[in-house]
> 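Take a look at the following structure, please.
When a ligand or atom number is given, it counts from 1 through the structure's own listing order. For the numbers below, each heavy atom of this structure counts, side chains included, while hydrogens, waters and symmetry mates do not. Worth saying up front: this structure is predicted, and the values here are computed from it rather than measured.
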Amino acid sequence: MADKGVGTMRLDRFLAEMGEGTRGQIRDMAKKGRIAVNGVPEKRTERKIDPESDRVTVDGRPVLYAEFEYYMLNKPQGVVSATEDRIHTTAVELITERKRGDLFPVGRLDIDTEGLMLITNDGELAHRLLSPRKHVDKRYLAVLEGELPKDAARRFSEGIVLEDGTKTLPAELVKADAAAEEAVIVTIREGKFHQVKRMFEALGCRVTYLKRLSMGSLKLDEGLKPGEYRPLTEEELLDLRDGR
Ligand code: URA
């Protein structure tokens with residue numbers, strides 16, 4: 001989703017940014033004649049190309065350009081939000097149609113937490129959403145084991161003292177309308193480590209299921225099953241950028 005013309009850039013930088021390998025690997029591929037520009041094999045990886053009008057291929061496969069990419073993922077349980085992991089699948093690996101090699105998840109979710117994850121390479125937007133000074137709302141559905149104290153909502157609204165003595169910012173707690181279970185919707189404005197689980201632990205309850213529903217103006221598309229993703233719409237992106 002390029003906003004405006006990006007001008008020219010070196011062929012090796014273009015291919016590295018699109019996740020085709022390191023500059024050294026790209027040089028090797030070029031030497032072997034695997035890289036072509038507009039149908040002509042190109043060995044000079046330092047040459048300039050226009051990513052928006054030149055057609056670059058690796059082994060005949062077109063490499064498409066995107067300056068920034070933005071995806072909404074419904075993170076399933078069992079997937080980690082780190083960019084690399086030797087054991088578990090990462091959230092970025094689930095974005096199989098990604099063009100760029102430098103995507104990362106905006107903020108962390110625990111391995112057993114489901115729900116909304118924004119995946120992008122836009123560092124400026126990520127910084128704005130994660131900055132502790134911006135207090136961007138994050139809303140979660142939590143299913144609890146144990147009984148909530150009667151004054152739980154009031155205590156959330158005043159901020160909760162966690163087991164290590166730190167106090168959270170005021171948060172909102174409302175009952176979800178799932179009749180049988182102890183399900184609640186909680187909105188927090190910061191992102192301390194395991195924050196939601198620790199807030200409930202401080203009230204004597206255990207979170208048995210946690211799902212992020214929204215982050216700032218961005219709401220999880222309920223049409224996405226766990227593990228599914230889609231690009232953000234233009235409107236979702238504009239709203240996030242505007243801090244709405
Ligand atoms: N709070 C938690 O405890 N876990 C998460 O994954 C997100 C918020």
Side-chain angles (χ1 to χ4, degrees), residues 71-85 87-95 103-120 126-149 152-153 155-176 178 181-222 224-229 240:
Y71 296 100
M72 170 192 297
L73 168 72
N74 184 353
K75 185 186 102 54
Q77 294 183 341
V79 165
V80 293
S81 40
T83 40
E84 277 175 46
D85 193 283
I87 300 167
H88 300 102
T89 303
T90 68
V92 171
E93 283 165 354
L94 296 180
I95 314 295
L103 299 186
F104 60 87
V106 177
R108 295 287 162 101
L109 287 180
D110 297 336
I111 190 164
D112 58 354
T113 300
E114 277 182 16
L116 177 67
M117 278 219 100
L118 171 63
I119 310 235
T120 183
H127 177 74
R128 204 148 4 114
L129 290 170
L130 297 177
S131 164
R133 280 179 294 132
K134 298 280 195 242
H135 299 168
V136 170
D137 280 359
K138 275 140 310 218
R139 181 163 292 151
Y140 294 85
L141 169 71
V143 178
L144 307 173
E145 190 179 82
E147 208 169 314
L148 272 177
R155 288 167 67 182
F156 263 66
S157 72
E158 289 170 356
I160 300 267
V161 179
L162 302 176
E163 81 294 345
D164 64 358
T166 58
K167 190 172 180 191
T168 71
L169 288 175
E172 189 188 72
L173 177 67
V174 290
K175 283 228 169 251
E181 285 173 305
E182 197 69 75
V184 290
I185 306 281
V186 54
T187 307
I188 59 173
R189 312 226 138 109
E190 54 197 330
K192 293 185 194 296
F193 188 60
H194 298 321
Q195 180 164 338
V196 174
K197 292 174 183 166
R198 290 162 71 206
M199 288 173 89
F200 285 108
E201 269 161 30
L203 299 189
C205 289
R206 197 170 76 82
V207 173
T208 57
Y209 173 81
L210 191 60
K211 176 180 181 180
R212 182 154 63 193
L213 305 174
S214 67
M215 187 172 183
S217 59
L218 189 63
K219 294 189 177 53
L220 178 67
D221 181 335
E222 290 295 338
L224 295 174
K225 298 195 190 78
E228 292 183 345
Y229 70 91
L240 271 185

> Identify the residue among Val174, Asp137, Val196 that makes a side-chain contact (heavy atoms from CB on, under 4.5 Å) with Thr187.
Asp137
> Should Leu203 and Leu148 be marked as a side-chain contact (heavy atoms from CB on, under 4.5 Å) after you check the CA-CA gap, both sets of side-chain angles, and the distance that decides it?
CA-CA 7 Å; Leu203 299 189; Leu148 272 177; 4.2 Å; yes
> Yes or no on side-chain contact (heavy atoms from CB on, under 4.5 Å) for Asp85 and Glu93, after CA distance, side-chain angles and deciding distance?
CA-CA 10 Å; Asp85 193 283; Glu93 283 165 354; over 6 Å; no
> Between the side chains of Lys192 and Glu163, is the shortest nitrogen-to-carboxylate-oxygen separation below 4.0 Å, so that they form an ion pair?
no
> Is a salt bridge present between Glu182 and Lys175, judged by a nitrogen-to-oxygen distance below 4.0 Å?
yes
> Could you walk me through whether Tyr140 and Tyr209 pass the ring-ring contact (aromatic ring centres under 6.0 Å, His included) test, one step at a time?
CA-CA 10 Å; Tyr140 294 85; Tyr209 173 81; over 10 Å; no
> Heavy-atom contacts with ligand 1 below 4.0 Å: which residues, ordered by chain and residue number?
Leu109, Asp110, Thr113, Tyr140, His194, Gln195, Val196, Lys197, Leu210
